[in-house]
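First listed ligand is number 1; within each ligand, the first listed atom is number 1. All values reported here derive from a predicted model rather than from experimental measurement.
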Amino acid sequence: LWERSKTFTIREEVGLSGPPFNYIDGNIHQIMEAKKTGNVLELMLQWTEKYGNIFGMFIGNRFYTVVTDLDAVREIFIKQFNNFTNREEPKFNDTKPMMNSLFNLRTDRWKNARNCVTPAFSTGKMKLMYDTVHSKVVKFQEIMESRCESGNAFNIYDDFQGLTLDTIGVCAFAVDSKCQTDRQDPFYVNVRKMFAEFDMERSWYMKLGLIMPSLMPVLKHFRPYTSFGRPEAILVKNLEKVVDQRIKMYKDCRTVDIMQLLLDQSKECTGCDDAANKSRPLLTRDEVVENCYAFLLAGYETTSTALAFTAWLLAKNPDAQDKLQSEVDQHINEFGDKIPYDSLMKLPYLDAVFKESLRLYPPVILFTARTCVKKTVIMGHPIPEDTIVLSPVHVIHQNPEIWPEPKKFDPERFLSKNENRHPMAWIPFGHGPRNCVGLRFAEMEYKLAIFHLMSKFNLSLPEGDMAELRVTQSAILMRPLDGVHVVLSSR
Ligand code: HEM
């Protein structure tokens, strides 16, 4: 207890202000309360307004410096990266199937794994996977056709979730599921169950892990029996089977997917051990399994949420939709239904819509955090070792000094040639050496889906629906609270 109470003196010692806390959960009770009333996103904005763009708070007894000053953010994520190599992952994730993934690995083991994983997401590798992702988007377009025929309003977020799960399933899990058309598909059911329960409010395991991290060495054995651990265990067991089978068949059979690209960098498949491959340690079998699992976690809800927010924004802003459709039409005339990867990625208005949607509604808001591995000073503020710095993305993206009229959806902001914006002003994928490794994959899938949606349909809001979109926070994500209901008509 003495140890615990000592940690709560840090904020005073470093001379920062911040919200009042208690010795049991720090500031978790305010966050939980705000969650109940639907104001959790506002809470961080209010605290920033009240305590400034560098303030201190406690999650359990862990001290967080919350930083939204852009120069300080650059200092942490880029210039002083060596002092901030590790991401703070809650102790409840310090066990299988997370501990060997990029999310959790630390310092040198993270660097080695990241060096192996990064090439799997190069532009060249994206081009190899383009056909697979395209085929999933074509399936999605067929589903939209039937939604359009019915003429009714429907929740497009659900269909985007089917699309992104189908895509990441085939690319990272080697599961060619039917989840776009069959909601009883076991892969779909287990992933949905796991995500629904992976929430601090619903899970005693997560709550206890945050408040009493010292209990985790014992508690972690209960993970497979928790509400989210049960579906997770089924998914991981299947994934392990597939990885083992692919290792066995490695020499005889190649598949174009992310799993293959990780296997190409693994000890098991190359037959090299670290001694033989000193310049670049290779991945272990567990690192392959756990990174594929991490890609499922990282690539499914994030991309579908980004797509859902964009669908709502386009339905709400017909002028922007018209401009986007004109751009899409020009390219349909030139290339037919299958626009090449390079042309798709260069469409200026689509790119501006992608950037502005992710600015206004960044799906991942609380993952841009780092643990300080060596005490240092950032813009005059001491950062003690083993404390965390967090840069909440939505607070930066809503700052009127950086983004005039921050609540306005205005893709044109990204079209002006004279923009001289701070490099940390737009960070939906984080920044620096530990940014989102799947950025290119997400961008390709997003742009393909919006391109194909706009080529055939007009999006509108259901009649009389003038309400603003209600959003909520679950774990590190910001997402629509009640789905995204739209109507489609044929063009
Ligand atoms: C719109 C979609 C996505 C968004 C908004 C997003 C956002 C983010 C953010 C904010 C981070 C933290 C970066 C930082 O701390 O600087 C992150 C990390 C990560 N993302 Fe994504 N992401 C998306 C899609 C994906 C996809 C499709 C994958 C994989 C297929 C992926 C894999 C990862 C991984 C593995 C990390 C951890 C990287 C590391 O620690 O080395 N993400 N993502």
If we ignore hydrogens and angles and just use 3.5 Å, is the side chain of E287 paired with the main-chain N or O of N100 as donor and acceptor? no
Where does H431 meet ligand 1, judged by heavy-atom distances below 4.0 Å: at the side chain, the backbone, both, or neither? backbone
Heavy-atom contact under 4.0 Å between I168 and ligand 1? yes
Could you find the nearest protein heavy atom to atom 27 (C) of ligand 1 and give me its residue, atom name and distance? G299 CA, 3.5 Å
Starting from atom 18 (C) of ligand 1, what is the nearest protein heavy atom, named by residue and atom, and what distance separates them? C436 CA, 3.6 Å
Of the listed options A298, A306, S304, A120, closest to atom 25 (C) of ligand 1 (non-hydrogen atoms): A298
Indicate the atoms forming the closest heavy-atom contact of L344 with M444, along with that distance. CD2-O, 4.2 Å
Show me which atoms of ligand 1 lie under 4.0 Å from any heavy atom of G430. 10 (C), 13 (C), 14 (C), 16 (O)
Quick check, are the ring centers of F160 and W312 under 6.0 angstrom apart? no
Donor-acceptor contact below 3.5 Å, side chain E268 vs main chain I247: no
What is the closest protein heavy atom to atom 36 (C) of ligand 1, and at what distance does it sit? F103 CE2, 3.6 Å
Using atom types as modelled and distance alone, determine if a side-chain donor or acceptor of H394 lies under 3.5 Å from a backbone N or O of L41. yes
Pull out every atom of ligand 1 sitting under 4.0 Å from any heavy atom of R114, numbered as shown with elements. 38 (C), 39 (C), 41 (O)
Geometric N/O contact R370 with ligand 1, under 3.5 angstrom: yes
Where the closest heavy atom to atom 1 (C) of ligand 1 is concerned, which of Y446, F429, F295 has it? F429
More than 12 foreign heavy atoms under 6.0 Å from CD of E49: is that the case here? no
Is a salt bridge present between D386 and K375, judged by a nitrogen-to-oxygen distance below 4.0 Å? no
For F198 and F228, take the angle between the two ring planes, folded into 0 to 90°, and tell me which bin it lands in: parallel under 30, tilted 30 to 60, perpendicular over 60. perpendicular
I'd like to know if the side chain of Q473 reaches the main chain of V40, judged simply by a donor and an acceptor atom lying under 3.5 Å from each other, with no hydrogens or angles considered. no
Heavy-atom contacts under 4.0 Å between W110 and ligand 1: side chain, backbone, both, or neither? side chain
Taking NZ, NE, NH1 and NH2 as the nitrogens, is one of them in R440 or E443 under 4.0 Å from a carboxylate oxygen of the other? no
Of the listed options T305, I476, T302, L366, closest to atom 24 (C) of ligand 1 (non-hydrogen atoms): T302
Is the closest heavy-atom distance from F121 to ligand 1 below 4.0 Å? yes
Atoms of ligand 1, numbered as shown, that sit under 4.0 Å from any heavy atom of R434: 13 (C), 14 (C), 15 (O), 16 (O), 39 (C), 40 (O), 41 (O)
Atom 28 (C) of ligand 1: the protein heavy-atom neighbour that sits closest, reported with distance to 0.1 Å: G438 CA, 3.6 Å
How about K374: does its NZ atom have over 12 heavy atoms from other parts shown lying under 6.0 Å from it? no
In short, V328 meets M454 closest at the heavy-atom pair CG2-CB, 4.1 Å
Counting non-hydrogen protein atoms only, what is the nearest one to atom 40 (O) of ligand 1? Give residue, atom name and distance. R87 NH1, 2.6 Å
Which residue and atom name correspond to the protein heavy atom nearest atom 10 (C) of ligand 1, and how close is it? P428 O, 3.2 Å
How far is atom 11 (C) of ligand 1 from its nearest protein heavy atom, and which residue and atom is that? F367 CD2, 3.6 Å
Atom 35 (C) of ligand 1: nearest protein contact (heavy atom, Å): V437 CG1, 3.6 Å
